[in-house]
Protein chains: 2
Amino acid sequence: MEKYKGIGIKLTPQRLGILEYLDGNTDHPSAEEIYSKIKKRFPTMSFSTVYNTLEALRKKGHILELSIDPERKRYDPGTTTHHHFMCVPCKKIVDINIAYDLPIPDEQKNDFEVTSNQVAFYGTCAECKKDTSPPIGSS
Amino acid sequence: MEKYKGIGIKLTPQRLGILEYLDGNTDHPSAEEIYSKIKKRFPTMSFSTVYNTLEALRKKGHILELSIDPERKRYDPGTTTHHHFMCVPCKKIVDINIAYDLPIPDEQKNDFEVTSNQVAFYGTCAECKKDTSPPIGSS
DNA sequence: GTACGTGCAAAGGTTTTGCATTACA
DNA sequence: TGTAATGCAAAACCTTTGCACGTAC
């Protein structure tokens with residue numbers, strides 16, 4: 001794939017695998033999920049390569065490291081402004097494509113230089129609502 | 001302290017220590033920071049007690065578990081609606097006290113039941129801006 | 001008195017690191 | 001060819017868990 005030539009990192013087969021997997025991916029995978037997936041094509045690949053590549057891509061601004069899931073970091077190839085909803089029971093994260101106006105009142109700004117923002121919505125998705133068992137002891 | 005009587009958890013000296021430490025605290029401490037602080041008054045106290053207590057308080061809705069710092073969970077005794085700014089270099093988190101209107105467009109709602117949201121701003125605080133060294137190799 | 005919290009140690013899961021080898025540019 | 005990435009293992013780090021003992025209610 002020549003399409004990744006200009007992204008500013010040294011390209012290896014493993015990195016191409018990761019890039020192709022992430023390209024257009026809206027699953028917000030964890031490092032473990034990326035590793036498992038790519039390992040099928042590169043059985044000798046190690047975790048260090050995954051983290052190394054993700055860190056390189058993050059530094060170049062090609063992917064976002066999400067702090068939405070309290071359990072682990074999740075990665076997002078999305079480049080345009082968007083936000084996220086996370087289903088707490090199944091940990092699925094989906095994009096919310098809307099640009100919010102989020103002004104910080106001057107008196108609270110304290111000379112902070114704000115470079116980015118992320119809105120995280122938490123709740124329950126449609127499938128998990130269906131699956132919900134009645135509370136234990138509700139008889 | 002009798003003021004914590006009605007919060008719905010069994011009160012022990014260690015828990016009172018944690019409650020008093022968190023009460024009014026705007027530092028958004030990590031479990032480790034809470035542990036270190038309280039350990040000075042209760043030298044035998046263990047991490048399990050800290051996590052146990054934090055989890056009990058979270059379940060009762062008395063504290064928030066923040067997913068803003070990618071490195072570790074941070075805890076917030078704040079009860080009213082507010083958001084956060086995190087300084088990436090020094091990892092300080094400060095409250096942003098404003099209520100944003102964050103509607104999710106119907107066509108993106110997919111029957112999700114949203115129960116909460118958190119806005120995280122990232123950037124650099126005034127002190128860290130001062131401390132910034134010129135980029136390496138800029139000579 | 002009893003259910004629940006405590007403290008200790010050990011385990012679990014995620015992420016990072018050191019280093020010899022390999023490969024991109 | 002030189003710099004940087006890979007792979008492996010081990011370590012570091014944060015968080016959770018099991019269990020015997022102790023304590024709030």
Side-chain angles (χ1 to χ4, degrees), chain A residues 1-19 28-60 62-75 91 93 136-137, chain B residues 1-19 21 28-60 62-75 91 136-137:
Chain A
M1 285 279 182
E2 299 299 296
K3 77 182 276 199
Y4 302 112
K5 268 293 177 60
I7 67 172
I9 66 169
K10 197 183 274 188
L11 290 178
T12 64
Q14 296 88 336
R15 288 184 163 190
L16 278 172
I18 293 174
L19 280 165
H28 308 86
S30 65
E32 160 67 34
E33 282 161 346
I34 297 169
Y35 171 71
S36 309
K37 203 76 181 187
I38 312 298
K39 201 174 174 64
K40 287 175 187 159
R41 286 173 56 191
F42 302 94
T44 68
M45 204 188 52
S46 72
F47 254 108
S48 14
T49 298
V50 173
Y51 279 108
N52 174 325
T53 302
L54 291 174
E55 178 61 10
L57 291 172
R58 192 194 60 72
K59 271 200 206 144
K60 290 286 175 186
H62 297 303
I63 61 172
L64 248 56
E65 191 180 276
L66 302 183
S67 302
I68 290 173
D69 184 344
E71 310 305 322
R72 69 199 102 258
K73 293 178 187 167
R74 313 259 300 235
Y75 296 88
K91 301 179 197 316
I93 295 178
I136 295 168
Chain B
M1 287 278 182
E2 299 299 298
K3 75 181 280 198
Y4 302 112
K5 269 291 177 62
I7 67 171
I9 67 169
K10 198 182 274 189
L11 291 178
T12 65
Q14 296 89 334
R15 288 183 164 190
L16 278 172
I18 293 174
L19 280 165
Y21 174 62
H28 309 84
S30 64
E32 161 68 34
E33 282 161 345
I34 297 168
Y35 171 71
S36 309
K37 201 77 180 185
I38 311 298
K39 201 174 175 63
K40 288 174 186 160
R41 288 172 56 191
F42 302 94
T44 67
M45 204 188 54
S46 71
F47 254 108
S48 13
T49 298
V50 173
Y51 280 108
N52 174 326
T53 301
L54 292 173
E55 177 62 10
L57 290 172
R58 192 194 59 73
K59 270 199 207 147
K60 290 287 176 185
H62 297 303
I63 62 173
L64 248 58
E65 192 180 275
L66 302 183
S67 300
I68 290 172
D69 184 345
E71 312 304 322
R72 62 189 67 42
K73 293 178 187 169
R74 312 260 300 236
Y75 297 89
K91 300 177 198 314
I136 294 168

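Residue numbers begin at 1 in each chain, while the letters A, B, ... track the order of the sequences. It should be emphasised that the depicted structure is a prediction, and the values quoted were computed from it without experimental measurement. All heavy atoms count here, side chains included; hydrogens, waters and symmetry mates do not.
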> Which heavy atom of B/Glu65 sits nearest a heavy atom of B/Arg58, and at what distance?
OE1-CD, 3.6 Å

> Is A/Thr12 near enough to D/dA5 that one of its side-chain N or O atoms lies under 4.0 angstrom from OP1 or OP2?
no

> When rounded to the nearest 0.5 angstrom, what distance separates OG in B/Ser36 from CE in B/Met45?
9.0 Å

> Rounded to whole angstrom units, what separation is found between the NZ atom of B/Lys59 and the P atom of C/dC4?
11 Å

> Going by ring-ring contact (aromatic ring centres under 6.0 Å, His included), B/Tyr35 matches just one of B/Tyr51, B/Tyr75, B/Phe47. Which one?
B/Phe47

> Distance check needed: C/dA25 P versus A/Tyr4 OH, whole Å only.
15 Å

> In residues 32-48 of chain A, which residues come under 4.0 Å of DNA chain D by heavy atom?
A/Thr44, A/Met45, A/Ser46, A/Ser48

> With the side chain counted from C-beta on, respond yes when B/Ile34 and B/Leu54 share a heavy-atom pair under 4.5 Å apart, and no when they do not.
yes

> Could you give the CG-to-P distance, from A/Leu16 to C/dC24, as a whole number of Å?
10 Å

> Please check this pair: side chain of B/Arg74 against backbone of B/His28, looking for a donor-acceptor N/O pair closer than 3.5 Å.
yes

> Figure out the CZ/P separation between A/Arg58 and C/dT15, and round it to whole Å.
13 Å

> Please check the phosphate of D/dT16 (OP1 and OP2 only) for any side-chain N or O of B/Tyr51 closer than 4.0 Å.
no

> Of all the choices, D/dG7, D/dA24, C/dA25, which nucleotide is nearest to the side chain of B/Lys10 once you look at every atom?
D/dA24

> Quick one, A/Ile68 with A/Ile93, criterion side-chain contact (heavy atoms from CB on, under 4.5 Å). Give me CA distance, side-chain angles, the key distance, then yes/no.
CA-CA 9 Å; A/Ile68 290 173; A/Ile93 295 178; 4.2 Å; yes

> With a 4.0 Å cutoff (strictly under), does any side-chain N or O of A/Arg15 reach OP1 or OP2 of D/dT6?
yes

> Would you mind reading off the distance between B/Ile18 atom CD1 and C/dG7 atom C1', rounded to a whole angstrom?
13 Å

> Please say whether more than 12 non-hydrogen atoms of neighbouring residues, nucleotides or ligands are located less than 6.0 Å from NZ in A/Lys37.
no

> How many whole angstroms separate atom CD1 of B/Ile9 from atom P of C/dC4?
13 Å

> Only distances under 3.5 Å count here; give the side-chain donor-acceptor pairs of residues 11-18 of chain A to other protein atoms, sequence neighbours excluded, each with its distance to 0.1 Å.
residue : atom : partner : partner atom : Å
A/Thr12 : OG1  : A/Gln14 : OE1          : 3.4
A/Thr12 : OG1  : A/Arg15 : N            : 3.2
A/Arg15 : NE   : A/Thr53 : OG1          : 3.4
A/Arg15 : NH1  : A/Lys10 : O            : 3.0
A/Arg15 : NH2  : A/Asn52 : OD1          : 2.7

> Hey, does the side chain of A/Gln14 come within less than 4.0 Å of C/dA23's phosphate (OP1/OP2), counting only N and O?
no

> Where do A/Glu33 and A/Ser30 come nearest, in terms of heavy atoms and distance?
OE1-N, 2.8 Å

> Figure out the NZ/C1' separation between B/Lys60 and C/dG5, and round it to whole Å.
15 Å

> Send over the distance from A/Asn52 CG to C/dA23 P, rounded to a whole Å.
16 Å

> Mind listing the residues from residues 62-73 of chain A sitting with a heavy atom below 4.0 Å of DNA chain D? Number order is fine.
none

